[in-house]
Amino acid sequence: MATFKEYGTFLGDYLKPHKKKALSLGGLMLAGTALSLVNPQILKNFIDKAQDGSDINLLLWLGIAFVVIAICGQGLSLLQVYLGQMIGWSTTNDLRKDLLNHSLHLDMSFHTKRTSGEMIERIDGDCRNLFSFFSGVIFQMINSLLLLLGIILVLFFEDWKLGVVLSIFSLCTVLALMRVHGIAVPSAKKALEANTDLMGFLEERFSGLRDITKNGGSSYFLKRFFQFQYALFRASQRAWVISRLSTWSVTIILFAIANVVILSLSVSFYSAGSITIGTIYLVVFYTNMLVEPLQNIANNLQEFQNFNASIQRINELKRTQNAITDMGNQYLTSGPKEVTFNHVSFSYGQGKIVLNDINFKLGKGITLGVLGRTGSGKSTLIRLLSRIYDPSTGTIAVDGVNLRDIPLAHLTEKIGVVTQETYLYQGNIRDNLTFFNSSITDEDIFTAIRSLGIEDWFNRFPKGLDTLIQSGGGGMSSGEAQLIALIRLFLKKPDIIILDEYSSKLDVITESWLQQAVINLMTNRTGIIIAHRLSTVNWVNEIMILENGSIVEHEKREDLESRLDSRYMELLKTGLEVQPN
Ligand SMILES: Nc1ncnc2c1ncn2[C@@H]1O[C@H](COP(=O)(O)OP(=O)(O)O)[C@@H](O)[C@H]1O
Ligand SMILES: [Mg+2]
């Protein structure tokens, strides 16, 4: 259970910036409560005065006052809704922003363990859950309690016995309503589960959409979809009926009893001459006015359980620390870099050792080609160098500076990576290249395209840089996405360049066009090229061959070529391509 302190911290953190609005909302609710207590009094007077045969003008004024107050009450509740929505949206949007920002800065070991669905649920679902918490449940709770107290006090004032009866009745109703809510919980849970099932089904199927449609699975897909939909419909319907029926029946039964008791009491008081007809009206009216605050209190007490679950999950996410610390303060000079791996070993989580005691030094301006079978640890090696993960043991240094001592943002600037998976987002080609960095001009981009020698490819887009790319890179082949990634690299001008099977989705001819461009790109830079074709690296300075997470060969390319028994020459002789990953 979230403690009072946790609730308090949450309210403090997110409600404080909207303090004025929140206080106005509280004020409006109080005013509304006062008005709703006043109006029955006017009616009571109206009835009594009418019975006494008072002046018609007085009655008229009472009538006008009643109408004006009723209209003001409606106006107030409209304002309350408006303010509540404003506060709810502003606070939950702040919360969403904080959570997203926090998650974006968490390392890959956090993200690989979680599906996108789970993250959406954390960042959006829980915030949506907390909407009513911020949009006024707290005030509503206070307000309902005040209204309840007000009504009971007024009735005590009329006659203490009426006050006692209604106090006992109120307590019983809240307890009964909460109990009844408990009955509805399992069915509400089932409805939520049916919803999660439907979403899970859709997410899974849409990710495999191409395979489903191509293999004629559409009708099966639709049939399953209807089954999930139907299950959701039935579960929601059941939950709704159970919840409404139970609340409704409790309210009806208890209020029927209360009305009978109150009416009988009132009638006997009236016969004894201690109260007027107007008072009877007032008492009955107030009794029935209790429905709303009582239901609100019971509902809100239940809702706090929902908030509780969301607050716990949100706090847990906020407490999650980045496994990659960013405490460094050493900056690198510009120019080609020296890279050193010193007894580096690594495993993902508690899994098997993926890299085992890796030692090597890459001199300034050297281009290294890395070869090895799928799963030999090539990509892991460069993930460590770009600090997506930290080594389990050993150290990695650039120009003699431990990676951990370099600020992450600075390291990201210095290292440029192109992998097999380039993500293109919805927007035009320009934005996909510059990431909205307005200091990069179109002319810079054209220079990069010319340097890469891919003008012919680029000229095929009639709208040039304004060509729109659909989300997830729709409209571009994966090979074209790799070209975009290479242009990004040209624009970024990092000192260390890493290409992880950058050409795996390009055909041999395009790759050979690009080779000269890549050679140009590597001049005056330190580079690591992971290749799945030997031809990709037949020009580099050094070759490293990885096997099961260990270096089995690392020498100058010419040296390896001159040694007929080298692994590299074996690969060249057999002409076998290293299996692409
Ligand atoms: N995120 C990950 N979590 C757990 N194991 C992983 C992860 N990524 C890769 N591995 C494992 O690490 C090993 C090396 O993978 P990787 O470095 O991608 O190899 P390569 O790039 O040479 O094909 C493989 O056995 C792979 O299954
Ligand atoms: Mg790989």
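Counting starts at 1 for both ligands and their atoms, in listed order. Note that the coordinates shown come from a computational prediction; the quantities given were computed from them, not determined experimentally.
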Asks: Treating H102 as the side-chain partner and T320 as the backbone partner, does any N or O pair qualify as donor plus acceptor under 3.5 Å?
Replies: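 It does hold such a pair.
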Asks: Work out whether the distance between some heavy atom of E501 and some atom of ligand 1 is less than 4.0 Å.
Replies: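 No, that is not the case, since the closest heavy atom of the residue is not under 4.0 Å from the ligand.
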Asks: Does this structure show an ion pair linking K16 with D13, if we count only N-O contacts that are shorter than 4.0 Å?
Replies: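 Between D13 and K16 there is no salt bridge, as every charged N stays at least 4.0 Å from the carboxylate O atoms.
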Asks: Counting each atom of ligand 1 from 1 as listed, which ones have a heavy atom of G377 under 4.0 Å away?
Replies: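 Atoms satisfying the 4.0 Å criterion: 14 (C), 17 (O), 19 (O), 20 (P), 22 (O).
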Asks: Applying a 4.0 Å heavy-atom criterion (strictly less than), which segment of K352 is in contact with ligand 1: side chain, backbone, both, or neither?
Replies: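 Side chain only.
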Asks: Can you tell me which portion of T380 lies within the under-4.0 Å heavy-atom range of ligand 1? Options are side chain, backbone, both, or neither.
Replies: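 For T380, the contact with ligand 1 is made by both the backbone and the side chain.
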Asks: Is there a donor-acceptor pair closer than 3.5 Å between any side-chain N or O of R525 and the backbone N or O of P494?
Replies: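 Judged by distance alone, yes, a pair lies under 3.5 Å.
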Asks: Evaluate the ring planes of F461 and W457, with Trp represented by its six-membered ring, and classify them as parallel (under 30°), tilted (30 to 60°) or perpendicular (over 60°).
Replies: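 The rings of F461 and W457 stand perpendicular, inter-plane angle above 60°.
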Asks: Can an N or O of V354 be found at a distance shorter than 3.5 Å from an N or O of ligand 1?
Replies: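 No; every N/O pair is 3.5 Å or more apart.
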Asks: Between D559 and R563, does any side-chain N to carboxylate O distance fall below 4.0 Å?
Replies: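 Here D559 does not pair with R563 in a salt bridge, since their nearest N and O are not under 4.0 Å apart.
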Asks: Is atom CG of N548 surrounded by more than 12 heavy atoms (other residues, nucleotides or ligands) closer than 6.0 Å?
Replies: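 Count not over threshold, so no.
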Asks: The Mg ion (ligand 2) and T374: any N/O/S contact shorter than 2.8 Å?
Replies: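 No, since none of the N, O or S atoms of T374 sits under 2.8 Å from the Mg ion (ligand 2).
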Asks: What is the ring orientation for F133 with Y7, classed by angle as parallel under 30°, tilted 30 to 60°, or perpendicular over 60°?
Replies: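 Rings of F133 and Y7: tilted, 30 to 60°.
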Asks: Looking only at heavy atoms of G375, does any of them come nearer than 4.0 Å to an atom of ligand 1?
Replies: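 So G375 counts as touching ligand 1.
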Asks: Atoms of ligand 1 less than 4.0 Å from R373 heavy atoms?
Replies: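 Going through ligand 1 atom by atom, the ones under 4.0 Å from R373 are 22 (O).
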Asks: Measuring from the heavy atoms of S376, does anything fall under 4.0 Å of ligand 1?
Replies: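 Per 4.0 Å heavy-atom rule, S376 contacts ligand 1.
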